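Values below: every heavy atom of this structure, side chains too, minus hydrogens, waters and symmetry copies. In this text the structure is predicted, and so the values were computed from the model without any measurement. Order of listing sets the numbers, starting from 1, for every ligand and every atom in it.
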Amino acid sequence: MIPYSRQQVTENDIKEVVKVLKSDYLTQGRVVPRFESAISKITNAKFATAVNSATSALHISCLALGLRENDYLWTSANSFVASANCGVYCGAKIDLIDINNDDWNISIKTLENKLKLAKKNNTLPKILVTVHFSGQPTFQEKIYQLSKKYKFRIIEDASHSLGASRNEVNVGSCKWSDVTVFSFHPVKIITSGEGGAITTNSEKIDAKLKSLRNHGIIRDKNLLINKKSGPWYFEQISLGLNYRMTDIHAALGLSQIKRLKSIIKCRNKIANIYNELFFDLPISPVKINEGNISSYHLYPIVLNNENNVKNHKKIFEYLRSNKINVGLHYIPIYRHPFYKKYKFQISKFKNTEKYYSSAMSIPIFVQITEKEINHVYHTLKKSLSVQFNV
Ligand SMILES: *Cc1c(COP(=O)(O)O)cnc(C)c1O
């Protein structure tokens, strides 16, 4: 099977992990801070906090930004469930926003209309989670302007988009947001096995995040309430969690992040080859907007031809039976049984529905071979002309 994405682990990555295994500290050692420095350097953010997953990162970002029971958290309808679940963990109410028809990112127009209405109804969100779908940045500067007007906080879910940029501003620099969250799951741009990180330019938010990932504990002598205790002393000041990243994971992440530039280059090269090969096929690949560099975590396409759309499932099965493990990113969040209780009206998500009925993610990863790319092209081409018995 050719997967839709997979990790690349080099001999050097393995060496770095083994070094930690032979050292004194498997966790809470020196490697996590080094990984954090590398993340903040590469994104241009002042601070970075490594945690054990992007899901954890989203959760404590919500806590650090003060999301409470009955607040609203909004996110894109076309994302992995974790982008919304973080709000549920905090007891917040969830609302979802429809996407554009060409980049499948959150629609600014829909967002703006929704905000206008929410202002009238006193249901404005406390937090908006923007998702850089497939690795392409959203129109983040416009979202930032709206956040000033309507007074909400922004978490960028950049699980797909480490190494991407918009108008030469790196994703993760938090120029247009409060915090940015990354995932280092094996299918993502770089991996630490499992892992995540949060970048921010706010010292205060950063301190909160570092405390929240470690049970809500602080050790900074200047911040302690009881300053006169002994050298053993620390304080728990809030209800945190154990979301720490281990040094074993950080060593893998740190070794991988050194290759980030070449990984992004390689993924863009593969995407360009696909773009050229697919030019004549009745499909549309993701549209990259002016000023954007995508990190191409995914290479999503939609079927254009009505007949093909009807055969969406068959085409999917055809590709899989020909050893191409296409994916569908994503099942719209409102379609999951867990989210039924929120009573989302499907009619409000026209573009998400249209996308869902005709989309698939084509294999893209660093080690994909020319032969595999050609196999994908020929099989896809064939599948689009097969007369399936419906
Ligand atoms: C992968 C992913 C997550 C979750 O990442 P984990 O590190 O597996 O917790 C969250 N949001 C999006 C958009 C993702 O793709």
With salt bridge (Lys or Arg N to Asp or Glu O under 4.0 Å) as the test, pick out the partner of D71 among K93, R153, K126.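 By the salt bridge (Lys or Arg N to Asp or Glu O under 4.0 Å) criterion, D71 pairs with just one of K93, R153, K126: K126.
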
What are the atoms of ligand 1, with element, lying closer than 4.0 Å to any heavy atom of [X]?
X    : value
S53  : 7 (O), 9 (O)
A82  : 10 (C)
Y330 : 15 (O)
G195 : 7 (O)

Which residue supplies the protein heavy atom nearest to [atom], what is that atom called, and how far is it?
atom                    : value
atom 1 (C) of ligand 1  : K188 NZ, 1.5 Å
atom 11 (N) of ligand 1 : D157 OD2, 2.8 Å
atom 9 (O) of ligand 1  : T55 OG1, 2.5 Å
atom 15 (O) of ligand 1 : H160 NE2, 2.8 Å

Could you tell me if K313 sits above the aromatic ring of F316, with its cationic atom closer than 6.0 Å to the ring centre and no more than 45 degrees from the axis? no

Does R213 make a cation-pi contact with Y243, if we ask for NZ or CZ under 6.0 Å from the ring centre and within 45° of the axis? no

For S79, state whether at least one heavy atom is located under 4.0 Å from any atom of ligand 1. yes

Is F182 close enough to touch ligand 1? Criterion: a residue heavy atom under 4.0 Å from a ligand atom. no

Any salt bridge linking K114 with D98? Criterion: basic side-chain nitrogen under 4.0 Å from a carboxylate oxygen.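 Here K114 does not pair with D98 in a salt bridge, since their nearest N and O are not under 4.0 Å apart.
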
[X] and [Y]: side chain donor to acceptor below 3.5 Å:
X    : Y    : result
N351 : N100 : no
Y334 : D95  : no
N304 : S284 : yes
D13  : S255 : yes
E168 : S165 : no

Heavy-atom distances under 4.0 Å are what count here, so tell me which part of S159 touches ligand 1: side chain, backbone, both or neither.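 The answer is the side chain of S159.
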
Part of F133 within contact of ligand 1 (heavy atoms, under 4.0 Å):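 No part of F133 comes within reach of ligand 1.
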
Candidates C86, S56, S183; heavy atom nearest atom 8 (O) of ligand 1 found on S183

Are any of the N or O atoms of A54 closer than 3.5 Å to those of ligand 1?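 The answer is yes, given that A54 and ligand 1 share an N or O pair closer than 3.5 Å.
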
